[in-house]
Amino acid sequence: MVFSSEIFLFLFLPFTLFIYYGILLKSRMLQNTFLLIMSLVFYAYGEPWFVFVMIFSILWNWFLGLLVDKFRTRKRILSLLIFVMLVTNLGILAYFKYWMFILGNINYFIGSAIPIPRIMLPIGISFFIFQEISYVLDVARNKGQVQKNPLHVGLYIALFPQLIAGPIVRYETIAEQILNRKEKFSDFSEGVCRFIIGMSKKMLIANSLAQVADAAYQMPANELSVAMAWLGVLAFTFQIYFDFSGYSDMAIGLGRMFGFKFLENFNYPYISTSIREFWRRWHISLGSFFRDYVYIPLGGNQCSTARWTLHLFLVWALTGLWHGADWAFVLWGLLFFVFIVFEKYVRWETRFRSPWFTPFKYCYVFCILIIGWGLFKSGYQANLGLTTNSLALAASYFKTMIGVGNPKLFDGSAYLYWHENQFFYLFAVLFSMPIVPWMTAKCEAVKNVTGKLLLDITYAIIIFMLFLVSVSYVIKDTYNPFIYFNF
Amino acid sequence: MNMCDNLKFKFTVFLVGIFFLYAYCASFHNIVDHARKIYWSVSTYQEISKPDLGSRVVALVKGFQAGFNNQDDFLYEPLQSVLLQMHGNLQRAMGKTIIVDSEEDKTVVKLQNGHLSFISNPMNFTKEAQNFIAFQQWLEERRVPTLFVLAPTKICKYDSQLPYGVQDAQNDNADHVLRILREAHIEVIDLRELYKNAPQKHYENFYYTDTHWTPRYALTAFGIIAENLASKGIELPRHLAEMESYRAVYSTQDFDGILIRRVKGFVSHEKDFRLVPEFPVDVERKQVSPGVVSFSHPRKNPELSDVRLLFISDSFGFDMAEFFSYGFQNVEHICQNRNDVDVRRQVEDFQPDMVIFMVNTGFYINHFNLK
């Protein structure tokens, strides 16, 4: 089930809220149990069998969590338990997500003919496996208390707002909230607004631009014009941001509605002036997960330069692989590795501080991002089964972008897709910048009571209109791609 | 944080709350209304003048079941309609020419002349064409002649009117199918040729907001088919294909064509109409089974053809079937609109002397159970 669907908006969510607040308000235990049941229903709606994989892995990690808590002081047993936890969790992930990729590569590189089974990927597996790892590691590191009740572990891992598309909620973030959260109407209402904003980002901007990106990447190479190639990659650049950040907004908003406070996952990444800054603003929960559970345990930067470079290389290769089982994703990750090392060596963030450099820095980041998203989209097409060779697709696409091979500069498709989506490009550029926080700050500075009231009413009307328009897109059943099944 | 700090969020929740309240009340009212009707029809059907409590409960449960089943979507239909209208208006305000749908073949394009149309990607219908050839050979073994008629779809082969950059492959797909059929020596009437030299007439005879041709286009097409039948010795009264023999009766309500239902607000409504014969008609219409309708004349009319005609078509054949019914003593119409009719079995039951098979370029043979 996706958030931007009729069944979720008009049946699942209102029913869950009604029971949660209307009937179970007095009992936290019943509320948590009910939320867990509804989260499993939410997952099972799209993945009726894989829900058992999730239940099994929840129980297994709950059990490991108990053992880890018990043997916390006995280092060798603790290390063994963590090793077992990593092997089993990553083993599940490897089987479902990477087994076909591994076998395909073995066949390719050594010329064997090992049959490759078709393995369906459980939606959101990368998210819930990472949260399970987070649970056991946080218990081991004493950053969150062990849960004796498996329902609580289940709730943390399967909680439907963040189940299929993140953010990756660290156990230490919500360990306390599972039993001791406070639902307030102010939080609820803020959550509703956040959800509507997220839904608008997804339905209005991301889905519209997805049409352009998909059309460009599905065109035969000899029919793709330079203009269409640029429109396509720019569309994907904005699509993935508004889609992903829209989902994160919806997740954070839904969490708020039930009294949970998740950490922010995006912070206007496209205004970054360096790649390092970009990753401090983009998918923050993933970046911090890799930093805290991979990079720092490996030794971080407290080592030789060569060793530090190796740590970064591993982290970024894994970051790429986490996004999908394809070499294009690995290359995408390593692209960031190269530029982060480059920035470190030239001291990018400290050396070029003059405001005169700022436009140049924006261009530098945006160019790298465009190359990165071009690669990423090729990998995504491969995962969809729309191409067998993502790297060849990326190469041919990039060639067209720079005019190699005499492609047409402009064609009817480019005209059509620009004409149809020009407003969405404009909105995408505008709302990639922190215009809303800037305007909010201006509004909050108004001290006049009447003026403030008028601004509040205006805000409510705008958000309500956004809600209506987004719902009209849901009702119309417009193009609504789901891009998280890889993750 | 005091009350006023979050006033804007609370205002929003208030508005969204009213929306949901209205949506649920309206939907509930709709279900209850439907349930009430079913309740009374069940009670009446059971001829219970004073139903006991058990019967009342059973009838009420059945009523609610039917009421819920009647709710295709979660939103009350008029509310859905308003939202769709809003969606269409927004698209129009943005100057869009395409409304992309989640189902690829339901994407709607506004043609340069204002007509709405679906578009299609290139598809290979070789297998479907071969299925039809096998069906035709099966009929030939039973000495039943077959005529394949291709009805035009909205996008004219000779003047597509597509906006710059939009591509549609319906006519190319159809050309491919016709080539295969002709190579197999199947007789084909390609009605796209009818307005080859006057494409504007092609568009004039289509509904703006629907994929279908109007009864006027169907009547002209009927004339072409009647000429072909005459060349085979099957004579139909001449006046049947003349426009003067009919008068147009317009619907009083706006016509919700297939296309406008998907993109409300994108274009204005129009009126539906039907052609009513001015000559005396004595046809009995009977539903044989889902998707199969028979037309017969209870009294023998020497002007009409005695040939037993089996007419198989998609939804373009509704008007055409009526015209055939005026000229043949016995006609059976299989309309594969939403039904899965076993066509061969129907042939064996009806024992036709002639089979006319008609599809439009956008609706293909693969929708028919010809095996």
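Values reported hereafter were calculated over all heavy atoms of this structure, with side chains retained and with hydrogens, waters and symmetry mates removed. Lettering follows sequence order; numbering is per chain, from 1.
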Hits for salt bridge (Lys or Arg N to Asp or Glu O under 4.0 Å) against Lys261(A), two or more places apart or cross-chain, chain-then-number order -> Asp187(A)
Which residues pass the salt bridge (Lys or Arg N to Asp or Glu O under 4.0 Å) test with Asp159(B), not counting sequence neighbours?
none
Would a 4.5 Å heavy-atom cut-off, applied to side chains only, mark Phe19(B) and Leu468(A) as touching?
yes
Within the 4.5 Å heavy-atom criterion, are Glu420(A) and Thr97(B) side-chain neighbours or not?
yes
Heavy-atom pairs under 4.5 Å with chain B, option from Phe188(A), Tyr417(A), Tyr415(A) with the top count:
Tyr415(A)
Ranking Ile457(A), Ile463(A), Val469(A) by heavy-atom pairs under 4.5 Å to chain B gives rank one to Ile457(A)
How close do [X] and [Y] get, heavy atom to heavy atom, and via which atoms?
{"X": "Gly165(B)", "Y": "Leu416(A)", "result": "O-CD2, 3.7 Å"}
{"X": "Ala460(A)", "Y": "Lys8(B)", "result": "CB-O, 3.8 Å"}
{"X": "Met94(B)", "Y": "Phe423(A)", "result": "O-CE1, 3.5 Å"}
{"X": "Lys10(B)", "Y": "Ser186(A)", "result": "CE-CA, 4.2 Å"}

So, taking the atom named [atom1] in [X] and the one named [atom2] in [Y], what distance separates them when rounded to the nearest 0.5 Å?
{"X": "His419(A)", "Y": "Tyr164(B)", "atom1": "NE2", "atom2": "OH", "value": "13.0 Å"}
{"X": "Ile18(B)", "Y": "Phe464(A)", "atom1": "CD1", "atom2": "CZ", "value": "7.5 Å"}
{"X": "Gln91(B)", "Y": "Tyr473(A)", "atom1": "CD", "atom2": "OH", "value": "3.5 Å"}

Chain B contact via [X] - side chain, backbone, both or neither, heavy atoms under 4.5 Å:
{"X": "Leu9(A)", "result": "backbone"}
{"X": "Met465(A)", "result": "side chain"}
{"X": "Thr440(A)", "result": "side chain"}
{"X": "Asn421(A)", "result": "side chain"}
{"X": "Glu444(A)", "result": "side chain"}
{"X": "Phe424(A)", "result": "side chain"}

Within a radius of less than 6.0 Å around CD of Glu183(A), do more than 12 heavy atoms belonging to other residues, nucleotides or ligands occur?
yes
Before you tell me yes or no, could you show the steps for Phe185(A) and Val13(B) under side-chain contact (heavy atoms from CB on, under 4.5 Å), namely the whole-Å CA-CA distance, both residues' side-chain angles and the distance that decides it to 0.1 Å?
CA-CA 10 Å; Phe185(A) 184 62; Val13(B) 170; 4.0 Å; yes
I need the residue from Val166(B), Leu90(B), Val16(B) with the largest number of non-hydrogen atom pairs under 4.5 Å to chain A.
Val16(B)
Is it the backbone or the side chain of Phe20(B) that comes under 4.5 Å from a heavy atom of chain A, or both, or neither?
side chain
Tell me, for Leu15(B) versus chain A, whether the close heavy atoms (under 4.5 Å) come from the side chain, the backbone, both or neither.
both
Are the aromatic ring centres of Phe11(B) and Tyr459(A) under 6.0 angstrom apart?
no
